[in-house]
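What follows is a single structure, written as structure tokens, with notes after it.
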Amino acid sequence: MSQDATVVTDLLTRRFGERLALDSLTLSVAAGEVFGLLGHNGAGKTTAVRLLNGLLTPTSGTASVLGLSPVDHGPDVRSRTGVLTETPALDDRLTGRENLRFYARLFGLSRHEAASRIDDLLDMFSLSDRGDEHVSTYSRGMRQRIALSRAMLHHPEILFLDEPTSGLDPVASREVQDMILMLREQGKTIFLCTHNLEEAERVCDRVAVLEQGQVIALGSPRELAAQVSPPQIEIEVEPSHREAAASLIRESWPNVLLGSDKEATISLGGLARADIPNILRALAIGEINIYQVVSQQLSLEDVYFALHKRMVDL
Ligand code: ATP
């Protein structure tokens with residue numbers, strides 16, 4: 001993954017009258033990264049996408065997208081980004097292909113370029129066999145895939161996807177998430193707004209958690225889990241080795257042993273991530289037979305609720 005930043009914001013802020021929709025957003029998204037902006041309804045996600053595409057002007061702060069200011073170079077930014085809005089409008093009376101053809105012309109593609117690009121996209125999104133049917137006959141997942149194709153017609157370098165699976169059933173959601181993972185494989189940078197924590201965990205390299213316009217946490221799902229609660233692991237050892245294993249760990253890591261049960265599972269908590277391989281190495285050198293190591297990492301959902309609770313308790 002290239003580390004060149006494609007989206008950079010510095011204290012980006014937007015007010016609507018008294019309401020602070022986005023408060024001092026500061027982040028940097030690397031090229032090829034799937035970056036998630038996570039937050040419940042009204043947290044400020046759509047406002048961020050609109051600011052980053054020059055569709056709103058900030059009250060204060062700055063943004064740079066592909067090295068350009070969205071305020072000063074909105075059309076240039078939008079010619080290099082693709083945006084999938086929360087409720088993309090498609091013309092039901094047209095076929096999927098006709099919808100795409102219409103937008104291809106708006107994006108300035110020639111008839112010839114449009115025809116081959118649309119074929120490629122229908123193929124990429126597994127819609128080649130349905131492209132000539134009216135959109136009114138499509139499932140919601142198919143409509144979303146056409147909308148995603150539309151956002152990609154002009155070969156955007158960054159895709160902004162605002163709640164792309166909102167209102168989709170689990171199967172259709174999965175399809176769209178698989179498309180996101182496929183685009184990631186192709187090296188696209190994706191800025192994904194979602195309130196679906198499972199989705200973020202599945203597809204995002206890093207996430208920023210937004211709460212009332214403010215970022216309250218930023219990092220990979222694993223880093224956020226470690227912030228909320230240090231890693232915990234359970235190590236199952238040969239029952240006759242349990243005592244030796246526990247005292248070996250106690251000697252070098254006095255504070256991590258949470259307990260061991262008669263099944264010979266040793267629970268460790270309050271660990272630094274780097275402790276884990278060191279402990280396993282020490283046990284192996286001590287000739288302790290290890291049968292299983294289970295990580296008790298929190299899900300992004302656990303993390304989100306823990307962060308939310310901290311905010312409420314403040
Ligand atoms: P959702 O998931 O519901 O789309 P969101 O995280 O995208 O939510 P935004 O749409 O960015 O949230 O809204 C953030 C806040 O700004 C909300 O309180 C919203 O009511 C307010 N807001 C957004 N656009 C406007 C506007 N044009 N005028 C007034 N208030 C607005």
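No experiment lies behind these values; they were computed from the predicted model shown. For ligands, and for the atoms within them, numbers begin at 1 and follow the listed sequence.
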Atom CD of Glu113: over 12 foreign heavy atoms under 6.0 Å =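 Yes, the 6.0 Å shell around CD holds more than 12 heavy atoms from other groups.
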Apply side-chain contact (heavy atoms from CB on, under 4.5 Å) to His134 and Arg93, showing your working.
-> CA-CA 6 Å; His134 284 125; Arg93 297 160 304 175; 5.6 Å; no
Write out each pair where an N or O from ligand 1 and one from the protein are under 3.5 Å apart, with the distance.
from, atom 1, to, atom 2, distance (Å)
ligand 1, 2 (O), Asn41, ND2, 3.2
ligand 1, 2 (O), Lys45, NZ, 3.0
ligand 1, 3 (O), Asn41, ND2, 3.1
ligand 1, 3 (O), Gly42, N, 3.4
ligand 1, 4 (O), Glu86, OE1, 3.1
ligand 1, 6 (O), Ala43, N, 3.1
ligand 1, 6 (O), Gly44, N, 2.9
ligand 1, 6 (O), Lys45, N, 2.9
ligand 1, 6 (O), Lys45, NZ, 2.9
ligand 1, 7 (O), Thr46, N, 2.8
ligand 1, 7 (O), Thr46, OG1, 2.6
ligand 1, 8 (O), Gly42, N, 2.7
ligand 1, 11 (O), Thr46, N, 3.4
ligand 1, 11 (O), Thr47, N, 2.9
ligand 1, 11 (O), Thr47, OG1, 2.5
ligand 1, 12 (O), Gly44, N, 3.2
ligand 1, 30 (N), Arg19, NH1, 3.2

Electrostatic pair Asp205:Arg184 at N-O distance under 4.0 angstrom =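 Between Arg184 and Asp205 there is a salt bridge, with a charged N closer than 4.0 Å to a carboxylate O.
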List the steps, then state whether side-chain hydrogen bond (donor to acceptor under 3.5 Å, both in side chains) holds for Thr95 with Asp132.
-> CA-CA 5 Å; Thr95 66; Asp132 294 311; 4.7 Å; no
Examine Arg14 relative to Phe16 and say whether NZ or CZ is less than 6.0 Å from the centre of the six-membered ring and inside a 45° cone about the ring axis.
->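 Output yes; distance and angle both within limits.
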Check the pair Glu238 / Tyr291 against side-chain hydrogen bond (donor to acceptor under 3.5 Å, both in side chains), numbers first and verdict last.
-> CA-CA 7 Å; Glu238 166 66 35; Tyr291 294 126; 2.4 Å; yes
